[in-house]
Structures are given as structure tokens and as C-alpha cells.
Trainee: 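There's a structure below that I have some questions on.
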Amino acid sequence: MTNVSKFGPTIGKIALLLLLCATTVAGFLWLPAAKGFPQPEMARIVVFHVPCAIVADLAAAVAAWYAIIYLRRRNQADDLKSSVSFGLALLFSLLTTVTGAIFAKSQWGGYWNWDPKQTAILMLLLIYVAYFALRAAVDDPRKRASLSAAYALFAVVAVPFLTYILPNSTDQTLHPKNVINTRDGLDASYKIVLWAGVLGLSLFYLWAFRVQVALGTLEMRLTQRIHRASQGVVARAVVVEGRK
Amino acid sequence: MIPPLPIRYNTHVTSSLRLHGVSMAYGSRVLFSGIDAVVAPGQCLVVTGANGAGKSSLLKIVAGLLRPEAGKVEFDGKWGSAAPEIQLYGELTGDENLAFFARLLAVSPMENAALLADVGLPPKRGRDLVSAYSSGMRQRLKLATSLLGSPPLLIWDEPTATLDTAGRAIVGGLLSRHLSGGGLAVVATNDLSEAESWGDLRLNIGF
Amino acid sequence: MGLNHWIICAKSVFRKDLQVELRTRYALGAVLLFAITTLIAVSAALSSATVKSEVKAALLWIILLFAALSGLARVFVREEEAGTAPLLRLSAPATAVYAGKLLFNVALVFAVECVSVPLFLVVLPPATVNFGLLLGVLLLGGIGLASSSTFVAALIAQASSGKSALFFIVAFPILLPLVLIAVQATVGAFDAIDMHHVRAQADLGLLALYSLVMTTTSFLLFEYIWHD
């Protein structure tokens, strides 16, 4: 091991921490209040809320991708990656929901308004919970992997019916359209902080993903080794030529 | 002993059954690893081993009901399977069960009555619901189902476990007729004397 | 052994399930009893209240949804629990099995609709009923309900424990968009507001699209879960 590979990750983690701190501080102190919103000061939460939503979608996309790979190659490592990414998607979706609810309270007057986007994220949360409930109910690891991968892909297909089609068909969304693109109430500086937040959270996601996958891989290897050790010898089969 | 049965099954066997390095593990518990075997037409592979050694798992792998952890099974042709965990529909009669699977396998249902006779079930019992069958009768019906369409490969897991003496003789007769007609078989059993009398090839799973 | 044999297999599986169901009446009994008891409970609770058509549409679909969820899992759970699934796996193409099961569940949903919807219209009569629209919603919504439920049934049938609770948890989020769209369309069938009619017609297309997409996806994915 060279010094670079030893300290590289540490430097990276410190840089990531600084980036996340910087976006947080910038969100509270550097950004001007957004005049277009009923509560201009509270609109700062946009720079936390939107990146969480984007990274949650990213995590779900990665999870769905590994679900496809699992079904094609049937390799337990892909199942691990898929489930880890779904766990992170659940985490970021929860953060999106909470920040969104705080935002909704200040702008629309209530934490929960059955806005189409709120309905959609509720459905996503239910899907993630159902995904993990399904996993918990299947004992055989291979079966667990293929069933949950198939469910994930099935759910992915159902989601657009809520997230895209329903909001457009009702046209009653309280969400401002094109939040990210600068509009009247949002200063251009919002765009910078928001995308910096997306970058920071994406890197955080990547780090958490890799740590959990490494941990899961170790766990798999360890249980295998314990079982093999307790069995003593690996069971063998012998073909014996019998009578003619 | 039962009289030799007429050879109705003119099976055209063209290939052998080959197991290449078949391994199985449940979760992280290794059952067996690296099983290689070749079963040629007319041969029967008798699988023996202690309870829990993995006989049933191996037969499931051969039948394509279970994906091996490693290795592969090669066989070019159809196969019929009977095992304790493979059940028939209790809500249907014996005849209806046979007719249902005959349709799925694109086999003419004309021979169903003959199949029942082969396994020693009187035609009258074919009209009873399978849920009213005794375990021995169920086993006979399962064997009959596995013979549908006279597949070149038979995979029987403990075919005689619930059978009486007459039933055991029938199984022996069916098997030797199948093998002398050029068929292949993979059979698991706990009964060593049966294993002796059936086996061209013995596979003992264990240590 | 081409398409013809596939169709024969799908039909045989459907017929076999119908035969078994008519002998045991397990799923039909569960689903119908659920629909009727909830209907009685709802109408008794609302006997003195004036109920808007939006609420009536929602109630109708809640009854249909939960009635369906109480019985649609049987097609696959029965095969796995009775140990008959392995022989079915060995004997018929996976997609043909799925087609037979889907057909059976569609028939089951239609049977429930035939009994519970007329009862619903008698017990909680809406201001007006646009029968053409209502029929369309029930037809397309019913197919959608059956298509998603059948796939989820195939998934949860292979779980080790708590299958019925799991079926609710796992199927619910998938069915949520369908039910929301179906409710919105049923509102259009239950009142005389022009805008609702127009919206309901668009929703019918959406319901058809949902059924199409979910059925196609389940046929693509089924083989991966049916065979180990």
C-alpha cells in the first residue's frame, strides 16, 4: 500500500464533509431570501429539499439497474448492491418528505396537502417499505434476491403512473414548475448552491453505498466460512460402479 | 413377482445425462460439491445418502426445479419426475389430474387408463378425488403422472417410501422395463437392497 | 409445440383453476363475503348522511380493492402450499401458466363486480349514473386490478411466512395509482358535470394503458420468479 492510496480516501472524505458544510452554511447565510414565496426566509429549504429528491431518484435508478443485472446474471453481489441502494433511496426519500413537509407548512399552511407530488413520494415510500417487507419474509437468499428484484422492477413500471401522469392529468400541483431553472422569486445563486448540494449528496450516497456493500460482502463471506468450518469437510459425492 | 410388462414405450433415446461439477449450498450450508456423472441409455443412477445429505436437492437439480450453486446438468430430451414434495391436485380426481398434465405435455390422454393399470390403480379409483387417496395410492398416481408421454428420463425420489410390497414390485418392474427399453433413470432411495437391485450406477452423497 | 400448444396450456390452467375453485369456492367465497359485508357496513354507517359522488366513487373502489386483495392471491398461494407448483413448473411454459392464472383472476374480479356493484348502486344510489362510462371503468379497472395482483400473488406465494399480510403490503402501492385513476373516472360516471365526463374519458385511456403496461411487465418478469 502506498501513502497515496492510504490517505486518498481520507482526504476525499474530509473534502466531502467540507462541501456539505459549505452548502449548508451557504443555504442559511449566503443565499438571499426568495421573494417569490409567501415565506421568503423559509424558501432556503429548497436547496436541501430538491437535492435530496434528486439523489433519492438516483439511488432508486441504481437499485433498479442492479435488479436487472441480478436477474440476468444471478450473482448475489448484485442483489446486495440493489438492496443497499434501495435502502439509501428510502433514506433520501424520507429526508425529501420531511424537508418537503416543513416547506409545505410554511408555504401552503399544512404539513400534508395531498399534493400529487406528495402522493407520489408516499407511494414510493410504501414501495420501499414493501420491498423490505418482502425481503424479510423470504428465507432462502437466492429466492429473496430474485423475488425482490422482480418486485423492484415491477414497481418501477408502476411509479410513472403517479409521478408523471397523475400530476399532469389533474394539474392541481402546488409545486412550482421548473424550480431548478431560475424563476422570478429565485436568485441565480440558488442554482449554484442547489447543484453543489446535489454533488455533495451524490458523493455521500456513493460513499455510503460502497461502505455498506463492502460490509455486506464481508458478512456473506464470514457466514460461509463459519458454516464450512463447522461442517469440517466439504461434503462430497462419489460415483460407484455397481454391478452390470 | 409381477409378470413382465409389454413394452409400450418405444423411447428413442439419443443422449446421455451428464452432470458436470454440480454443487449445491442452502444459504451458506454446503450440501455437496463437484458431482460429475454420466448416465447412458439403459442405465439407472441410484442416489443414496443419509437424511439431509442432499439426495432430494440433487434430484431437483437434475429435474430443473432447482438451480445448482455451480456446475450444470445436460440432457437432451424430456423427463418425468416424482418426488415426495411434488404433489397432485387434491381437489381433482385421479383421472382429471392425469388428463390435465397430459394436455400440458401435449400427450394423448388415450393412454391414461393404461397408465393407471401400470401402477396398479383400479379404474374405479381414477374417479375419486385425490384428497381421498391413501398416501400409497397417491404415490402410485404420481408415478403414473411421471410416466406420461413415456419420457426417456425418469427422476424418482424415494419412489417406494409409502408403497406396500406389491407397489414396490411394481416400481421395480416399471423401472426395469423403462431401462430395457433404452430409458435412463435417476432414483434416490434409503433402502440399500433396492439400491442394489436397481443400480447400474451408485451415487453416494456424504463423506 | 408453438403458439397452439401455448394456448392449450393457458386454457388448461385456467380451466383447472376454475374447476378447483368451483369445487372449493375458497377464493370466490372470501372475495364475495368481503365485498358484501363491507358494503353492508358502509351503507349502515352512512344511512342518514348525504354522501357526495366523490365519496361514493372512493367507497366503491375501496370495497373492490380490498375484496380483490382478499382472494386474488389464492391462485398462486394454493399451488405453492399444496405442493402442486413443481409439477406445473415442469409441465407447462411459464408464461402460459401465468396467462391461465391471470385469466382466472380477471374472471374472479368480474364476478365480484357483477355482484357488488349493482348492490352498491341500490344501497348508495348516486345522483346520476352514466352506465357506459361506469362499465368502461369497471372493465378496465378490473383488468388492471387483476393484472397487478396476479403478479404480486406469484411473488408472495413463494415467501416463507405471513403471506396474506404480505400480499396487502406489497400489492397496495402498485395498485394505488390504478385505484386513484379509477376513482377519478368513477366520479365522472356518478355526476352530471361535463368537465368530469371529459376527464373520465381520458382516465379510461390511462386505465387501459396501466393494464397493458403492468401485464406486459409481468409476462416479462414472471419467468424469473417462477423458475428458481
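Here is the naming used below: chain letters follow the sequence lines, and residue numbers restart at 1 for every chain.
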Trainee: For chain A, which residues of residues 53-88 of chain C have at least one non-hydrogen atom nearer than 4.5 Å to it?
Mentor: none
Trainee: Heavy-atom pairs under 4.5 Å with chain A - which of C:Val213, C:Ile174, C:Leu166 has more of them than the others?
Mentor: C:Ile174
Trainee: Using only atom types and a distance under 3.5 Å, with no angle test, would you say the side chain of C:Tyr224 pairs donor to acceptor with the backbone of A:Ala150?
Mentor: no
Trainee: Could you look at A:Arg74 and say if it's the side chain, the backbone, both or neither that has a heavy atom under 4.5 Å from chain C?
Mentor: side chain
Trainee: Nearest 0.5 Å, what's the CG-CD1 distance between A:Leu71 and C:Ile225?
Mentor: 9.5 Å
Trainee: Can you list every side-chain hydrogen bond (donor to acceptor under 3.5 Å, both in side chains) pair that touches residues 82-94 of chain A, not counting sequence neighbours?
Mentor: A:Ser85-A:Tyr205
Trainee: Listed by residue number, which members of residues 158-165 of chain C have a heavy atom under 4.5 Å from any heavy atom of chain A?
Mentor: C:Gln158, C:Ala159, C:Ser160, C:Ser161
Trainee: Using a 4.5 Å cut-off on heavy atoms from C-beta on, say whether the side chain of C:Thr217 contacts that of A:Leu153.
Mentor: no
Trainee: Return the option, out of A:Val129, A:Val157, A:Val138, with the maximum number of heavy-atom pairs under 4.5 Å with chain C.
Mentor: A:Val157
Trainee: Please check if the number of heavy atoms outside A:Trp112 that lie under 6.0 Å from its CH2 is greater than 12.
Mentor: yes
Trainee: For C:Leu155, is it the side chain, the backbone, both, or neither that has a heavy atom closer than 4.5 Å to a heavy atom of chain A?
Mentor: both
Trainee: If you look only at distance, which donor and acceptor atoms sit under 3.5 Å apart when one is on a side chain in residues 131-148 of chain C and the other is two or more places apart or in another chain?
Mentor:
{"from": "C:Ser147", "atom 1": "OG", "to": "C:Ile143", "atom 2": "O", "distance (Å)": "3.3"}
{"from": "C:Ser147", "atom 1": "OG", "to": "C:Gly144", "atom 2": "O", "distance (Å)": "2.8"}
{"from": "C:Ser148", "atom 1": "OG", "to": "C:Tyr210", "atom 2": "OH", "distance (Å)": "2.9"}

Trainee: What heavy-atom pair brings A:Met123 and C:Pro173 nearest, and what distance separates the two atoms?
Mentor: CE-O, 3.1 Å
Trainee: Side chain, backbone, both or neither: which part of C:Ile169 has a heavy atom under 4.5 Å from chain A?
Mentor: both
Trainee: If you count the non-hydrogen atoms of other residues, nucleotides and ligands that lie under 6.0 Å from OH in A:Tyr111, is the total more than 12?
Mentor: no
Trainee: Do A:Phe161 and C:Leu209 come close enough that some side-chain heavy atom pair is under 4.5 Å?
Mentor: yes
Trainee: Using non-hydrogen atoms only, which part of C:Phe222 is less than 4.5 Å away from chain A: side chain, backbone, both, or neither?
Mentor: neither
Trainee: Report yes if the side chains of C:Val152 and A:Phe154 come closer than 4.5 Å at any heavy-atom pair, otherwise no.
Mentor: yes
Trainee: Using a 4.5 angstrom heavy-atom cutoff, name the option from A:Leu134, A:Asp139, A:Leu126, A:Leu147 with the most pairs to chain C.
Mentor: A:Leu147
